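Working notes, structure below.
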Amino acid sequence: MIDLRVDIAGVVLKNPITTASGTFSPRESGAFYDLNELGAMITKGVSSVAWDGNKTPRIGETYGGMLNAVGLQNPGIDYFMENELPYLCQFDSKIIINVAGRTIAEYCEVVEKLADAAVDLLEINISCPNIKEGGIGFGTSPKMAAEVTKAVKKIAKQPIIIKLTPNVTDITEIAKAVESEGADAVSLINTLLGMKIDVHVGKPVLWNKMGGLSGPAIKPVAVRMVYQVRRAIKLPIIGLGGIMTGEDAAEFIMAGADAVSVGTAALVNPTAPVDIKNELIDFMNKYGFKSLKEIRDGFND
Amino acid sequence: MTKEIINARVITNREIAKGIFLMEIRGAESAIECAGPGQFVNVYPKAKQTLLPRPISICRVEADILTLVYGVVGEGTKEFSGYPAGDLIRISTPLGTGYNLKEIIGSDEEAENNKVNSSLKKAVLVGGGIGVPPLVGLAEKLITRGVSCTAVLGFRDEPFLAEAFESLGVETHITTDSGRSGYKGTVLDLIREKNLSADYFYACGPKIMLRALNQYCLEIDAPLQVSMEERMGCGYGACVGCVCKVQSVYKKVCQDGPVFYGRDVDWND
C-alpha cells in the first residue's frame, strides 16, 4: 500500500501534487478533472486591490517552454473572499492562497484579511518577475526577502510558504534568509526572466517585452536549485519548474522536494495534475517505493 | 459543464487557398455536436517542444464531423497541415462563448414553439481573411431559421469558402485588397458604398476591420457582435493570458469571448 501523504508545516496533504499559481482556476480547471484528486490547490496571486495586469500579448511560446507576462491580473482580496474562496472550500484538497503585493503593507493587508478564512497555507509570492515594482525587488535580495517574511509571519494565522525567484546569483542565500525570519516552508522555482523577439516583424513578442519562462526548458535549473536549497535549509520544500510527468515529479522529490507543483503542464494537457499523480504512483510501484521518503532515500548524492 | 480533450480522427485535410487548409475531423458526436457558431477548439500539437494548444475557430459542425479551416502561420499549424487522412488528432471539446443568436432567432425552445418569427429578419455577416470560416456555421444556423443573410468577405488576394456561402443561398460579396477578384477594396469600402443595413451584424476578422465595422454600425445604429482574437495560453480560462478590454474590464477571450458586443469593446486599449 503506497502512502502519498506529505506534511507541509503541519498541514498534511493527501498527496504531493499541487497546482502552480497562475495556471489553475477552480471552475475552469475543475471542468476537466475532479479537484479532489489534488493534494492542494494553489490559487492565482491575490493582491490587496484588483490588479489589471499587463497589456497583451501576454503569452509567447518558446522551444519546450513558454513566456508569460500576465502581470498578476486578479480581482483583489475582497472579491476573492466573497466569490472565489467559498467555491474552493467545497473540495477536500488543501487550499493554499498565493499572496501578491507591491509593498510589505499590501502583503500584510491580504494576510490579515485571510486570518479567519478557512485556508490551510499561504504562499507568499515575493518572486514574480513580471511586476515592475516591488515583487522583483523582494525576492532578489536576502534582506528584503527576510523583511517581507518577518512582517507577514507576525500577522499570519496560517503557515507561510515563501515562493523563491531563481533570478538571483545564489538562491540558498535567499532561502536561508527567509528561514531565519520564520518562514514555515519554501516553494521554488518561480519563472526565469526571458524574452522572445519575432524576427518577421522586428518586435518583442510580449507587450511587456520580458516575461517569465516556464515549462520543460527550465526543469534542469529548477532541479539544481531544489537540490541546493535542500542542503541549505531544514524547511519543507515545494518543488516546481517544468514538471510534465510522474518521473519529473520523482526527480524533484529525489532532489529534496517534499511536494511539487504542476503548472505549465496543465496548459499542455488540462488533466496534467491527475495524470502526473497517477504516473508517480506507477513509478513508485515499479521500484517498490512505498512512500515519498523512500523515493528520496533512493537518491544517492 | 464538463470539458475534455478527445482523440479524434482526420478525415480530410487539404489546401483550399495558398497557406489555408480545410480539415474535416471525426470525433464522438456527443463531444462536438453541441458546438455553437463562434466557438473554437484547442488543437494540441504532437511535437513535444511545441507546448501550447492552437485555438482554431470551428467552421461548421455536422453530426460527428467537425470542419476547421486554418492558416499555416507557425510551428503548430505547419504540423497540422501535414496530417494525412486517418491520423489521430487531439482536440478539446468546443470552447468559448460563441455568437448570441437569441436576439435574432430566439432561444432553441422558443424557435421550437414557433414563438419567434425570424423569417423577416436580415443579417449581414462580415469576414476578413482567416476570420471567414466561423461565419459558415453561423450562416447555416441563421438560414435554417429563415433569416436572410448577406455575406461580405474580404481577402488580401485569394478568396476562399465563397462557395460555402453561395450554396446556402446567401448573397455573397467578395472583396480583395489586390483586386484579384471581386470588388477591389476593403469590406468596409463595399459596405459603405452599398449602404448595407440589417437587423444584426456579425463579424470575425482583423481588429482593424472589426473596429471600422463597429464605427459603421454605431453610425447606422445596428447591433454588432464581433469575434476577438488574442494570443492564448491554456485556451480554457485558467491562465488569464488572452484578455480584451470590454467595458473597461479585462475579459478572457477564450472564455468570456471570443464573441463580444462591438459597442462594449474598448477599441483603443
Side-chain angles (χ1 to χ4, degrees), chain A residues 19-34 43-45 50-75 198 200 205-207 211 214-217 242 244-245 263-273 275, chain B residues 1-7 31 41-55 73-79 90-96 207 228-246 248-257 266 268-269:
Chain A
T19 56
S21 183
T23 66
F24 165 81
S25 186
R27 287 176 187 81
E28 288 75 4
S29 310
F32 288 95
Y33 64 92
D34 180 3
T43 67
K44 174 82 188 176
W51 286 2
D52 251 8
N54 290 326
K55 292 195 188 218
T56 58
R58 294 177 170 183
I59 305 284
E61 186 182 74
T62 62
Y63 195 97
M66 61 172 284
L67 287 167
N68 93 77
V70 172
L72 288 173
Q73 173 177 343
N74 79 95
D198 183 341
H200 303 290
V205 158
L206 301 172
W207 173 85
S214 66
M244 299 286 286
T245 64
T264 301
L267 277 67
V268 182
N269 168 20
T271 58
D275 295 344
Chain B
M1 220 214 95
T2 336
K3 297 191 178 122
E4 53 180 319
I5 309 304
I6 62 173
N7 281 313
V41 291
N42 267 352
V43 185
Y44 291 83
K46 293 176 186 173
K48 292 215 172 233
Q49 71 272 14
T50 31
L51 293 191
L52 300 178
R54 269 58 178 161
V73 295
E75 295 298 316
T77 44
K78 186 158 158 213
E79 184 193 288
R90 264 181 86 232
I91 60 171
S92 68
T93 44
L95 298 171
K207 196 165 176 178
M228 300 300 286
E229 185 178 25
E230 281 296 337
R231 191 159 289 270
M232 293 183 183
C234 66
Y236 61 87
C239 76
V240 200
C242 64
V243 295
C244 168
K245 215 156 221 191
V246 178
S248 305
V249 177
Y250 270 140
K251 296 282 184 189
K252 300 173 196 172
V253 171
C254 68
Q255 189 180 57
D256 306 309
D266 284 5
N268 297 319
D269 185 58

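Here is how names work: the chains are called A, B, and so on, in the same order as the sequence lines, proteins then strands, and each is numbered from 1. As the structure is a computational prediction, the values presented were derived from the model and not from experiment.
- Between A/Lys55 and B/Glu230, none of the side-chain N atoms (NZ, or NE/NH1/NH2) sits under 4.0 Å from a carboxylate O, so this pair counts as no salt bridge.
- Interface summary for chain B: among A/Gly65, A/Pro216, A/Gly53, A/Gly215, the most heavy-atom pairs under 4.5 angstrom belong to A/Gly65.
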Check residues 43-51 of chain B and write down every donor-acceptor pair under 3.5 Å in which the side-chain atom is one partner and the other belongs to a residue at least two apart or another chain.
unit_1: B/Tyr44; atom_1: OH; unit_2: B/Asn42; atom_2: ND2; d: 3.3
unit_1: B/Lys46; atom_1: NZ; unit_2: B/Asp87; atom_2: OD2; d: 3.1
unit_1: B/Lys46; atom_1: NZ; unit_2: B/Leu88; atom_2: O; d: 2.8
unit_1: B/Thr50; atom_1: OG1; unit_2: B/Ala47; atom_2: O; d: 3.0

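- Residue A/Ala50: no heavy atom, backbone or side chain, is found under 4.5 Å from chain B.
- Counting heavy atoms from C-beta on, the side chains of A/Met66 and B/Leu52 come closer than 4.5 Å.
- Closest approach of A/Ser25 to B/Ala238, counting heavy atoms only: CB-CA, 3.9 Å.
- Here the side chains of B/Cys239 and A/Leu267 are in contact, with some heavy-atom distance below 4.5 Å.
- The side-chain heavy atoms of B/Ile5 and A/Pro270, taken from C-beta on, include a pair separated by under 4.5 Å.
- Applying the 6.0 Å contact sphere to CD of B/Glu79 captures more than 12 heavy atoms from other residues, nucleotides or ligands.
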_side-chain contact (heavy atoms from CB on, under 4.5 Å) between B/Gln255 and A/Arg27, worked out_ = CA-CA 12 Å; B/Gln255 189 180 57; A/Arg27 287 176 187 81; over 6 Å; no
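- When the candidates A/Asn269, A/Asp52, A/Thr23 are compared by the number of heavy-atom contacts under 4.5 Å with chain B, A/Asp52 comes out ahead.
- Annotation: side chain of B/Met232 is not in contact with side chain of A/Arg58 (no heavy-atom distance under 4.5 Å).
- The environment of B/Arg231 atom CZ is sparse: at most 12 non-hydrogen atoms of other residues, nucleotides or ligands sit within 6.0 angstrom.
- Shown here is B/Glu229, whose CD atom has no more than 12 heavy atoms of other residues, nucleotides or ligands within 6.0 Å.
- Of the two parts of A/Tyr63, the backbone and the side chain both hold a non-hydrogen atom closer than 4.5 Å to a non-hydrogen atom of chain B.
- Ranked by non-hydrogen atom pairs under 4.5 Å with chain B, the options A/Thr56, A/Asn74, A/Thr264 are led by A/Thr56.
- Inter-residue side-chain proximity for A/Thr271 and B/Glu4 is flagged as unmet; no heavy-atom pair is nearer than 4.5 Å.
- Going from atom CD1 of A/Ile59 over to atom SG of B/Cys234 covers 8.0 Å, rounded to the nearest 0.5 Å.
- In this structure, B/Lys3 and A/Glu28 have side chains that are not in contact, with every pair of non-hydrogen atoms separated by 4.5 Å or more.
- Comparing B/Gly233, B/Pro53, B/Gly76 by how many heavy-atom pairs each has under 4.5 Å with chain A, the most go to B/Gly233.
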